[in-house]
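Below is one structure, written out as structure tokens; comments come after it.
Counting convention: from 1, in listed order, for ligands and their atoms alike. What's counted below: heavy atoms across the whole structure, side chains too, no hydrogens, waters or symmetry copies.
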Amino acid sequence: MTSGAVGTDSRVITITTFTGVRDAYRQKALRQALYDQGALVMADCLLDLHGEQHRSRRRLENRLFRRQTFEMFEREVLPETIEAVLAPAVGRGRGDLVSLGYRAVMNLTARIAGIDRTEGTDEETDALLAFAVKFGEGATMAHSTRDRSVLEAEVASAMAAFDQRFFQPSLARRRALVAAVERGGADPAGLPRDVLTTLVANVDHLALPEEVMRREVAFYLQAGGHSTANTLTHALDDIFAWVEGRPDRAAELAADPTLVQRSVHETLRLHPASPEARRRALAACVLSDGVTAEAGDLVVMDLMAANRDPQVFGSDAAVYDPFRRVPDGVAPWGHSFGAGMHACIGMELDGGNPPDGAATADRLLGTVTLLACAFLAHGAGPDPDRPPVGSRDSARSHFSSYPVVFAGARSTR
Ligand code: HEM
């Protein structure tokens with residue numbers, strides 16, 4: 001643990017150990033602080049609420065994230081959605097992993113958020129995607145390397161355009177459906193199972209202004225879309241490097257979705273969607289190694305370091321190893337889905353359940369693994385003529401482009 005001061009501001013305490021981060025996630029006196037600069041997208045969103053306000057919203061939204069729903073997504077919705085997105089690129093023999101990944105997850109995320117897709121066209125998916133990317137940039141302004149006022153203007157203009165094209169029609173439809181149920185003329189079981197419907201149905205109880213509902217839905221779009229698509233790109237990048245020159249490994253992966261899932265979990269550990277979590281101390285609290293955070297102190301949880309803590313993951317903690325075994329009580333993805341009150345609501349949907357912890361009948365592979373399996377099944381590999389490009393606009397390690405070729409195209413080279 002290190003501490004220091006930022007200008008005349010409060011003290012900054014940085015935690016780098018696995019157990020230190022685990023403890024900090026559970027401290028009730030530590031309040032979310034990563035989105036202090038991302039208020040245009042994040043103000044009053046679930047991830048930015050604290051205490052009772054957070055508890056009551058989370059209780060409601062949790063109802064949507066049930067095992068049965070995930071099973072339905074995994075067996076019925078995802079396979080079709082992924083193939084529909086991949087088919088044209090596979091036909092061409094090449095595509096871009098980043099945009100294909102985003103397109104595939106956007107349909108799923110829009111459905112969970114409660115944004116209607118009335119046209120079902122690629123143009124519509126890309127428009128939604130562009131909004132989600134901009135909202136992601138706005139939410140993570142703390143890590144942006146761009147001019148803040150320019151970025152803020154872009155985010156505000158994206159929010160206004162998103163409102164007009166997607167949010168208002170989706171909101172109007174849900175208000176009408178909920179009103180019909182409240183009048184007693186319609187069956188509540190027929191309501192869409194999504195975040196926006198849940199908010200509309202509880203608007204009085206939660207005292208939610210429309211702009212908060214809009215931001216919550218925008219937050220879901222970017223939280224679900226961005227982390228899923230980025231994890232997919234990192235996962236396939238790691239897999240491509242791991243199988244390079246090793247056909248035995250490629251064959252093993254192709255035959256074993258559980259090994260792909262282990263690979264995805266190992267990627268999640270080494271490439272957390274956010275390199276850090278931040279909390280502000282609301283009152284003095286003692287952190288795991290005895291250091292006291294005073295009210296107002298900023299606590300930075302260094303997830304990159306904690307997820308590579310040799311005390312927990314061994315002396316080869318920084319090495320990518322899909323066969324890694326982790327100690328009991330430690331998730332294979334380390335702290336990459338968070339913990340405590342803000343633990344990721346989409347963790348099981350995206351990560352499935354750990355291969356060692358569930359009976360076969362209850363196994364969920366998770367969205368990222370299913371996406372990775374689909375790319376591998378089509379023989380995807382890096383495009384030898386066009387190397388991947390990293391994003392220059394954020395301190396987060398993301399790819400902005402990752403050209404891939406599919407099996408047919410590779411064998412005819
Ligand atoms: C690989 C994919 C994902 C990763 C790595 C990820 C990571 C995280 C992390 C680290 C947090 C906690 C942040 C903190 O404590 O400051 C979080 C919270 C959250 N995530 Fe995810 N996430 C992923 C996918 C998703 C998906 C698919 C959804 C929804 C469709 C989602 C919705 C949320 C929500 C709503 C929260 C806030 C929970 C709360 O404050 O109670 N995430 N996620």
Side-chain angles (χ1 to χ4, degrees), residues 21-22 24-27 30-36 38 42 44-51 53-62 64-65 69-70 73-74 78 101-102 104-115 132 136 139-140 142 193-196 198-199 215-235 261 264-265 267-280 299-301 303-304 306-307 331 333-352 366-372 396 398:
V21 168
R22 179 161 59 191
Y25 268 134
R26 294 188 155 80
Q27 294 269 0
L30 295 181
R31 193 204 188 290
Q32 179 61 257
L34 190 60
Y35 305 100
D36 292 357
M42 297 299 288
D44 302 313
C45 288
L46 181 66
L47 187 49
D48 202 41
L49 294 178
H50 196 73
Q53 274 190 318
H54 175 268
R55 244 188 319 278
S56 44
R57 181 110 46 100
R58 173 88 190 211
R59 203 176 299 131
L60 274 178
E61 294 181 5
N62 259 345
L64 298 167
F65 290 82
T69 316
F70 298 158
F73 274 136
E74 195 155 317
L78 266 171
Y102 262 112
V105 298
M106 239 29 242
N107 293 312
L108 182 67
T109 321
R111 191 169 164 157
I112 293 170
I115 289 300
T140 59
R193 289 186 49 76
D194 56 49
V195 174
L196 186 53
T198 304
L199 298 181
R215 282 200 294 270
E216 183 81 330
V217 166
F219 154 62
Y220 263 90
L221 275 185
Q222 65 87 11
H226 216 49
S227 351
T228 312
N230 279 317
T231 303
L232 171 71
T233 312
H234 276 297
Q261 187 191 28
V264 167
H265 291 168
T267 291
L268 272 163
R269 182 180 71 83
L270 292 170
H271 304 279
S274 171
E276 60 181 31
R278 289 186 196 174
R279 301 288 190 265
R280 179 85 58 189
V299 176
V300 174
M301 293 128 85
L303 304 181
M304 286 299 248
N307 280 356
W333 48 76
H335 288 310
S336 291
F337 283 115
M341 71 169 98
H342 291 297
C344 179
I345 211 167
M347 179 174 79
E348 232 183 11
L349 173 67
D350 263 17
T367 305
V368 182
T369 297
L370 289 181
L371 280 160
R396 294 176 173 222
H398 292 157

Q: Please work out whether the ring planes of H271 and H234 are parallel, tilted or perpendicular, with thresholds of 30° and 60°.
A: parallel
Q. So which heavy atom in the protein is nearest atom 13 (C) of ligand 1, and how far is it from that ligand atom?
A. L47 CD1, 3.8 Å
Q. Quick one: which ligand 1 atoms are inside 4.0 Å of a heavy atom on L46?
A. 35 (C), 38 (C), 39 (C), 40 (O), 41 (O)
(Q) Please enumerate all residues that pass salt bridge (charged side-chain N to carboxylate O under 4.0 Å, His left out) together with R31, with sequence neighbours excluded. (A) D48
Q) How many protein atoms of type N/O/S are positioned less than 2.8 Å from atom 21 (Fe) of ligand 1? A) 1
Q | Nearest-0.5 Å distance, CG of residue L49 to CZ of residue R55 | A | 11.5 Å
Q | R279, any N or O under 3.5 Å of ligand 1 N or O | A | yes
Q) Considering only the protein, which heavy-atom contact is closest to atom 38 (C) of ligand 1, and what is its distance? A) R58 NH1, 3.2 Å
Q) Could an N or O of ligand 1 be found under 3.5 Å from any N or O of H54, whether backbone or side chain? A) yes
Q: Check ligand 1 against Y25 and write out every atom of the ligand that is under 4.0 Å from a heavy-atom position of the residue.
A: 15 (O)
Q) Do you know which two heavy atoms are closest between L371 and A104, and how far apart they sit? A) CD2-CB, 3.6 Å
**Q.** ligand 1 atoms in contact with T231 (distance to a heavy atom under 4.0 Å)
**A.** 1 (C)
Q: Examine Y25 together with H342 and report whether their ring centres are nearer than 6.0 Å.
A: no
Q: Could I get the full list of side-chain contact (heavy atoms from CB on, under 4.5 Å) partners for R58, not counting sequence neighbours?
A: L46, H54, N62, I345
Q. Hey, which atoms in ligand 1 end up nearer than 4.0 Å to a heavy atom of M341?
A. 41 (O)
Q | All pairs passing salt bridge (Lys or Arg N to Asp or Glu O under 4.0 Å) where residues 217-234 contributes a residue, at least two apart | A | none
Q: Show your reasoning for whether side chain to side chain donor-acceptor pair (under 3.5 Å) applies to T231 and D350.
A: CA-CA 10 Å; T231 303; D350 263 17; over 6 Å; no
**Q.** Minimum side-chain heavy-atom gap V299-R280 below 4.5 Å
**A.** no
Q | Residues D194, R111: salt bridge by 4.0 Å N-O rule | A | no
Q. Where is the nearest protein heavy atom to atom 16 (O) of ligand 1: which residue, which atom, and how far?
A. Q32 NE2, 2.9 Å
Q: Just need the protein heavy atom nearest to atom 40 (O) of ligand 1, so name the residue and atom and give the distance.
A: H342 ND1, 2.6 Å
Q) Which residue holds the protein heavy atom closest to atom 5 (C) of ligand 1, what is that atom called, and what is the gap in Å? A) S336 O, 3.5 Å
Q. Could you give the distance from CZ (R22) to CD (Q27), rounded to the nearest 0.5 Å?
A. 13.5 Å
Q. Taking side chain as C-beta onward, heavy atoms only, is L34 less than 4.5 Å from S274?
A. yes
Q) Among all protein non-hydrogen atoms, which one is nearest to atom 36 (C) of ligand 1, and what is the separation to 0.1 Å? A) F219 CZ, 3.9 Å
